[in-house]
Amino acid sequence: MKLRPAVATDVEAIAQIMGNWCEETPYIPALHTKQEDQAFISRVVATQDVLVADDDGVQGFIARTGSDIHQLYVAPGVRGRGIGRALLDEMKSRNDMLALWCFQANIRARRFYERHDFHPERFTDGAGNEEHLPDVRYVWSMTK
């Protein structure tokens with residue numbers, strides 16, 4: 001598996017990975033079409049630091065701006081194989097501090113982040129996110 005910067009030709013695969021997660025997660029409301037997801041990911045790839053895990057095709061991706069991670073998704077068939085960890089570790093190597101939002105209901109992701117030394121900083125009722133779902137702000141710092 002190779003980690004590399006995302007390029008425009010990765011947009012469809014990245015949007016599919018994100019869309020698959022949304023479709024298979026019962027508490028996520030269906031808010032966007034596949035075309036809207038692709039347009040969104042196209043903007044993300046053009047404006048953020050986006051890495052993909054490539055193993056004969058995109059297997060996962062992570063996107064950040066500065067110290068804020070905005071997305072981290074892994075394709076359904078390859079979860080649990082260290083792809084998310086590799087993407088996160090690469091972003092950690094580029095920053096002294098990282099932060100991200102995670103839905104409180106996403107227990108699997110919360111356990112993942114906590115195993116990787118992220119600590120909950122703030123819990124909300126979800127009024128500030130598009131899905132209106134309670135979330136939690138996680139922070140990782142090299143100095144902790």
Side-chain angles (χ1 to χ4, degrees), residues 1-124 128-131 133-144:
M1 177 186 64
K2 174 183 173 186
L3 301 184
R4 62 170 176 78
V7 294
T9 55
D10 295 323
V11 167
E12 186 175 345
I14 292 170
Q16 183 66 48
I17 290 169
M18 184 183 73
N20 286 344
W21 183 84
C22 292
E23 288 173 7
E24 70 186 26
T25 306
Y27 59 83
I28 298 294
L31 298 174
H32 304 285
T33 66
K34 289 182 183 204
Q35 293 79 14
E36 289 169 332
D37 284 348
Q38 283 188 6
F40 169 73
I41 292 298
S42 182
R43 289 189 302 276
V44 167
V45 168
T47 62
Q48 296 181 22
D49 181 14
V50 183
L51 291 176
V52 296
D54 190 341
D55 187 9
D56 200 26
V58 176
Q59 304 295 307
F61 74 99
I62 190 168
R64 77 170 171 97
T65 304
S67 62
D68 287 323
I69 294 174
H70 300 289
Q71 288 93 27
L72 172 56
Y73 293 92
V74 176
V78 295
R79 291 183 191 142
R81 297 184 187 174
I83 294 169
R85 182 190 73 239
L87 289 163
L88 190 60
D89 284 350
E90 178 59 28
M91 287 303 182
K92 282 177 158 183
S93 77
R94 298 175 180 199
N95 293 297
D96 292 340
M97 191 276 283
L98 292 170
L100 58 91
W101 288 99
C102 181
F103 295 118
Q104 290 182 34
N106 193 345
I107 301 302
R108 184 175 179 172
R110 291 182 63 191
R111 287 183 185 143
F112 170 81
Y113 292 125
E114 290 171 13
R115 274 194 319 272
H116 291 79
D117 300 321
F118 280 76
H119 303 280
E121 178 183 71
R122 181 166 48 124
F123 291 81
T124 78
N129 64 55
E130 183 179 34
E131 295 84 0
L133 296 172
D135 54 7
V136 56
R137 178 81 165 168
Y138 276 97
V139 175
W140 168 84
S141 175
M142 186 179 287
T143 59
K144 282 193 176 182

Response to the item:
One should read off an interatomic distance between Ile41 CD1 and Met18 CE, to the nearest 0.5 angstrom, of 4.0 Å
Worksheet, complete the sentence: In His116, Glu114, Glu121, His119, the residue satisfying side chain to side chain donor-acceptor pair (under 3.5 Å) with Tyr138 is Glu114
Response to the item:
Value for NE2 (His32) from CD (Gln38), rounded to nearest 0.5 Å, stands at 14.0 Å
Worksheet entry | Step-by-step side chain to side chain contact (heavy atoms under 4.5 Å, CB included) determination, Arg94 to Leu51 | CA-CA 12 Å; Arg94 298 175 180 199; Leu51 291 176; 3.5 Å; yes
Discussion item. Once rounded to the nearest 0.5 Å, what's the spacing between atom CG of Leu72 and atom CG of Leu88?
Written reply: 6.5 Å
Discussion item. Would you compute the distance between atom CG of Asp89 and atom CE of Met91 and round it to the nearest 0.5 angstrom?
Written reply: 11.5 Å
Fill in: Salt bridge present between Glu24 and Arg79 (N-O < 4.0 angstrom)
yes
Discussion item. Would you say that Phe103 contacts Ile28 through its side chain, given a criterion of any heavy-atom pair below 4.5 Å between the two side chains?
Written reply: yes
Worksheet, complete the sentence: In short, Asp37 meets Gly19 closest at the heavy-atom pair OD2-CA, 4.1 Å
Worksheet entry | Sub-4.5 Å side-chain heavy-atom contact between Leu133 and Pro29 | yes
Worksheet, complete the sentence: Between the CG atom in Asp55 and the NZ atom in Lys2, the distance rounded to the nearest 0.5 Å is 11.5 Å
Worksheet item: Salt bridge or not for Asp10 and Arg4, using N-O below 4.0 Å?
Response: yes
Worksheet item: Checking Ser93 side chain against Glu90 main chain: does a donor-acceptor pair fall under 3.5 Å?
Response: yes
Worksheet item: Considering all heavy atoms of both residues, which atom of Val50 and which atom of Ile14 are nearest to each other, and what is their separation?
Response: CG1-CD1, 4.4 Å
Discussion item. Any non-hydrogen side-chain atom of Trp140 less than 4.5 Å from a side-chain atom of Lys92?
Written reply: yes
Discussion item. Walk me through whether Leu98 and Phe118 qualify under side chain to side chain contact (heavy atoms under 4.5 Å, CB included).
Written reply: CA-CA 8 Å; Leu98 292 170; Phe118 280 76; 4.1 Å; yes
Worksheet item: Do Gln71 and Gln48 have side-chain heavy atoms sitting under 4.5 Å apart?
Response: yes
Item to complete: Measure the CZ-CG distance between Arg122 and Asp135 for me, rounded to the nearest 0.5 Å.
Response: 8.0 Å
Worksheet item: Does Thr33 offer a backbone N or O that forms a donor-acceptor pair with the side chain of Glu36 under 3.5 Å?
Response: yes
List the atom pairs, with distances to 0.1 Å, where a side-chain N or O of residues 59-69 and a protein N or O form a donor-acceptor pair under 3.5 Å, not counting sequence neighbours.
{"unit_1": "Gln59", "atom_1": "NE2", "unit_2": "Gly57", "atom_2": "O", "d": "3.3"}
{"unit_1": "Arg64", "atom_1": "NE", "unit_2": "Asp49", "atom_2": "OD2", "d": "3.1"}
{"unit_1": "Arg64", "atom_1": "NH1", "unit_2": "Gly66", "atom_2": "O", "d": "2.6"}
{"unit_1": "Arg64", "atom_1": "NH2", "unit_2": "Asp49", "atom_2": "OD2", "d": "2.8"}
{"unit_1": "Thr65", "atom_1": "OG1", "unit_2": "His70", "atom_2": "NE2", "d": "3.3"}
{"unit_1": "Asp68", "atom_1": "OD1", "unit_2": "Arg137", "atom_2": "NH2", "d": "2.7"}

Worksheet entry | Sub-4.5 Å side-chain heavy-atom contact between Tyr113 and Val136 | no
